[in-house]
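Side-chain atoms are counted along with the backbone in the values below, which use heavy atoms only and exclude waters and symmetry mates. Note that this is a predicted model, so its numbers are computed, not measured.
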Amino acid sequence: MDPMEFLRRHPPFDRLGDEHLRQVEDHLEVVFCPRGAQVLRRGGPRSEKLYVIRKGQVRLERDGRLLSALEEGDCFGFPSLIGNASPLADAVAAEETLLYCLPAEVFARLMEEARPFAEFFLLDLAQRLRQAAAVEPLAVGSDLAVPARQLVARPPLFAAASATVGEAAGLMRSAGISAILVEGSPPGILTDRDLRSRVLAEGRGPDTPVALVATRPLLTLPADASLFEALLFMLDHGVHHVPLAHDGQLVGLITDTDLLRLQLRSPVHLMKAIERLPDARGAGGYAHELAATVEALTWGGVEASHIGRIVSRLNDALVARLLGLAESELGPPPGAYAWIVLGSEGRMEQMLITDQDNALVWAEDSPAARAYFPRLAERAVAGLLAASFPACAGGFMATRWQRPLGEWRRLFEGWVAAPEPQALLEASNFFDFRRVHGELALDPLQEVLLRAGREGLFLAHLARAALAFRPPIGPFRQLRAERGGLDLKASGILPIVGLARLYALAAGSEARPTLARLEAAADAGTLGRDTAATLAEAFRFLLRLRLRHQLAELRRGGEPHPGSRLEALSPLERQMLKETLLAIRDVQEATALRFATDRLG
């Protein structure tokens, strides 16, 4: 069969017009793979092609475990193309296989110009990620097979060949780096160690020419070399910095500190450290250790949504330890209680430390309870502050939100009965509650939530609240970024969270995580299965982008902030982001019609 005739019979090529099909025909390549041939390597170079299986079978594997078996007509390689990243799985020919290959630049053009083509990959990626999530996550640790250039957080900084040591040191201090490259032919490098041993120890002053003390010639490593090769490079040459080169150009500089950051950072190791905390002051390094653990999980290929669950369990353990320490100081509590977390922590979707969102519930009202539990809350909140969990700007903390279970139940019922804007704000936050410590059962509160899902007026008001966050799409379908970039949380994550909460509540689901809520809504029929799959894929995609941006900020020594600059994304990622936000907007518009939110007073 003619290649184009074959492609026309298989999605997404069956969705292309004649002009785009001619582009495919002009650039199509045919590749034969013997059985066992590795087409893509997890953590290896980014895929440069979209692959379509003409004959044979390809296995997507992770550490030898099957993620998916692809057959005739199936595509692969596109997650790497879209994410501009290393493949997350090995692609291995399970038998003699014939592949049709489309170059990355043609794929990018089709993704931009042919929306039905792009929509296919949006939905297919959702399915692929769900299959990957079903497989046990990788063993946690630094992945030394990852290309070294992926550790590069910024372009290399150069000092002029004519610069003085003082000028070079000033540039290094301003940039917060421990080495600077020196222009010249050949180029050189000046490190902190050079400043100590070749300048200060030799009695030289700041006016010393940098060319006199820089190391030349510069030893480099190919940018696509693995982190393992970078580690060997440092050991073989006795250096702490590895300049990376690509096509004859220096593209980055990584350090032994970068590699140390990716050493084995097991969540189990951090959990044990939490359990051994001698007092609340010992939690001071928790934020740094947690960020390092999250980075190791990310490099290990763990999906962002799974990272959120791991981090939540670590945070839960920290809260339990702080409350245990507080009880040892205050004595046994006068009755059963429950410490609950709210918002993203309640949904198990917090990946790096953000504001506190917590509350305290105790069983029976009494003078002893009123005297004991406020002090318990003060100590626990103070311990979280010591662990770098900032105070909640909205005041959602146990030092303010603490009361007996009966009062909590009446409060929940009041939110449902009178869904005013402030009530909805509080309800949206507290309806994500999750108990993390204590023995008090919270069934009465859960019962109120289940009844709320059957109240049409409340759901309509909740729908309107869910539509408060709108994706920043202009009238001509362009992305609108603010000066600080595009806030991925407000623009896409929170809209999906609100929609998932609404439709899961209507389905009578007790689920808290957004992905579980979408699945529950699809199972109950309150949300179409295709719509739920699209929102789930969009949620994973946005979580992954946001986490990558936050980790890059931390590596640069900054603080994570919500804005993500569009220029930091690849063209395919920008296209994927736009399609994602458009899909969210479409669901929001359908939701507004379904719940008639424009008729609410």
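Proximity of Val361 to Leu440: side-chain heavy atoms (C-beta onward) are separated by under 4.5 Å at one or more points. Side-chain contact between Leu502 and Phe595: present, with at least one pair of heavy atoms (C-beta onward) separated by less than 4.5 Å. Side-chain contact between Trp362 and Tyr372 is absent, with no heavy-atom pair separated by less than 4.5 Å. With contacts defined as side-chain heavy-atom distances shorter than 4.5 Å, the pair Lys489/Leu542 does not qualify. A 4.5 Å side-chain heavy-atom check between Ile310 and Val294 finds every atom pair outside the cut-off. With contacts defined as side-chain heavy-atom distances shorter than 4.5 Å, the pair Leu405/Pro444 qualifies. Within the 4.5 Å cutoff, the side chain of Asn315 has no heavy atoms near those of the Val319 side chain. Between Leu581 and Pro472 the shortest side-chain heavy-atom distance falls below 4.5 Å.
From Arg517, atom CZ reaches atom CZ of Arg501 across 5.5 Å, with rounding to the nearest 0.5 Å. Separating the CG atom in Leu385 from the CE atom in Met397 is a distance of 7.0 Å, to the nearest 0.5 Å. With rounding to the nearest 0.5 Å, the separation of CG in Leu445 from CG in Leu450 is 11.0 Å. For the atom pair CZ of Arg470 and OG of Ser491, the computed distance is 13.0 Å after rounding to the nearest 0.5 Å. To the nearest 0.5 Å, the span separating CD1 on Ile584 from CZ on Phe539 amounts to 10.0 Å. Considering OG1 of Thr399 and CZ of Arg379, their distance stands at 13.5 Å, rounded to 0.5 Å.
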| query | Run the side-chain contact (heavy atoms from CB on, under 4.5 Å) check on Arg451 and Val416 step by step: do they pass? | reply | CA-CA 9 Å; Arg451 288 203 307 273; Val416 176; over 6 Å; no
| request: Dump the intermediate steps for side-chain contact (heavy atoms from CB on, under 4.5 Å) on Gln550 and Arg546, then the final yes or no. | output: CA-CA 6 Å; Gln550 290 178 319; Arg546 185 168 185 255; 3.6 Å; yes
| request: Could you go through the side-chain hydrogen bond (donor to acceptor under 3.5 Å, both in side chains) check for Thr293 and Glu289 one step at a time? | output: CA-CA 6 Å; Thr293 299; Glu289 292 298 320; 5.5 Å; no
| Arg435 vs Val341, side-chain contact (heavy atoms from CB on, under 4.5 Å): CA-CA, chis, key distance, verdict | CA-CA 7 Å; Arg435 184 182 67 180; Val341 291; over 6 Å; no
| side-chain contact (heavy atoms from CB on, under 4.5 Å) between Leu518 and Thr531, intermediate numbers included | CA-CA 9 Å; Leu518 290 171; Thr531 300; over 6 Å; no
| field | Working for salt bridge (charged side-chain N to carboxylate O under 4.0 Å, His left out), residues Arg370 and Glu407 | value | CA-CA 13 Å; Arg370 294 281 180 179; Glu407 290 187 18; 2.8 Å; yes
| task | Give the intermediate values and the outcome of side-chain hydrogen bond (donor to acceptor under 3.5 Å, both in side chains) for residues Tyr503 and Thr591. | result | CA-CA 10 Å; Tyr503 286 105; Thr591 299; 2.7 Å; yes
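Between Phe458 and Pro419, the shortest heavy-atom contact is CD1-CB, 3.9 Å. The two residues Ala280 and Gly383 come nearest to each other via the heavy atoms CB-CA, 4.1 Å. Of all the heavy atoms in Gln588 and Pro471, the pair that sits closest is OE1-CD, 3.1 Å. Summarising the geometry of Leu322 relative to Ala380, their closest heavy-atom pair is CD1-O, 4.0 Å, with the distance given to 0.1 Å. Contact record, Thr354 with Pro390: O-CD, 3.4 Å, taken as the closest heavy-atom pair. Taking each heavy atom of Asp355 and Ala391 in turn, the nearest pair found is CG-O, 3.8 Å.
The pair Arg375-Glu327 does not count as a salt bridge, with every side-chain nitrogen at least 4.0 angstrom from each carboxylate oxygen. We find that Arg529 and Asp523 are joined by a salt bridge, their nearest charged nitrogen and carboxylate oxygen being less than 4.0 Å apart. A salt bridge links Asp432 with Arg347: the distance from a Lys NZ or Arg NE/NH1/NH2 to an Asp or Glu carboxylate oxygen falls below 4.0 Å. Ion pairing between Glu349 and Arg309 fails under the 4.0 Å rule for side-chain N and carboxylate O. Between Arg321 and Glu275 there is no salt bridge, since no side-chain N of the basic residue sits under 4.0 Å from a carboxylate O of the acidic one. Salt bridge annotation for Arg403-Asp365: absent, with no cationic side-chain nitrogen under 4.0 angstrom from a carboxylate oxygen. Using a cutoff of 4.0 Å between basic side-chain nitrogens and carboxylate oxygens, Arg409 and Glu413 are scored as salt-bridged.
Side-chain atoms of Gln575 come within 3.5 Å of backbone atoms of Met111 as a donor-acceptor pair (strictly under, hydrogens ignored). Of the possible donor and acceptor atoms, none in the side chain of Ser509 sits under 3.5 Å from a partner among the backbone N and O of Leu505. Here the side chain of Arg540 pairs no donor or acceptor atom with the backbone of Ala538 at under 3.5 angstrom. Between the side chain of Gln402 and the main chain of Ala398, a donor-acceptor pair closer than 3.5 Å is present. Formation of a donor-acceptor pair under 3.5 Å by the Arg434 side chain with backbone atoms of Gly346 is found in this model. Of the possible donor and acceptor atoms, one in the side chain of Asp74 sits under 3.5 Å from a partner among the backbone N and O of Glu71. At least one donor-acceptor pair under 3.5 Å links the side chain of Ser312 to the backbone N or O of Gly308. Here the side chain of Gln356 pairs a donor or acceptor atom with the backbone of Phe389 at under 3.5 angstrom.
The number of heavy atoms from other shown groups lying within 6.0 Å of CD (Glu519) does not exceed 12. Counting heavy atoms of neighbouring residues, nucleotides and ligands inside a 6.0 Å radius, atom CD of Glu364 does not exceed 12 of them.
Proximity of the aromatic rings of Trp415 and Phe430 is defined here by a centroid distance below 6.0 angstrom, and this criterion is met. Taking the six-membered ring where the residue is Trp, the centroids of Tyr337 and Phe373 are separated by under 6.0 Å.
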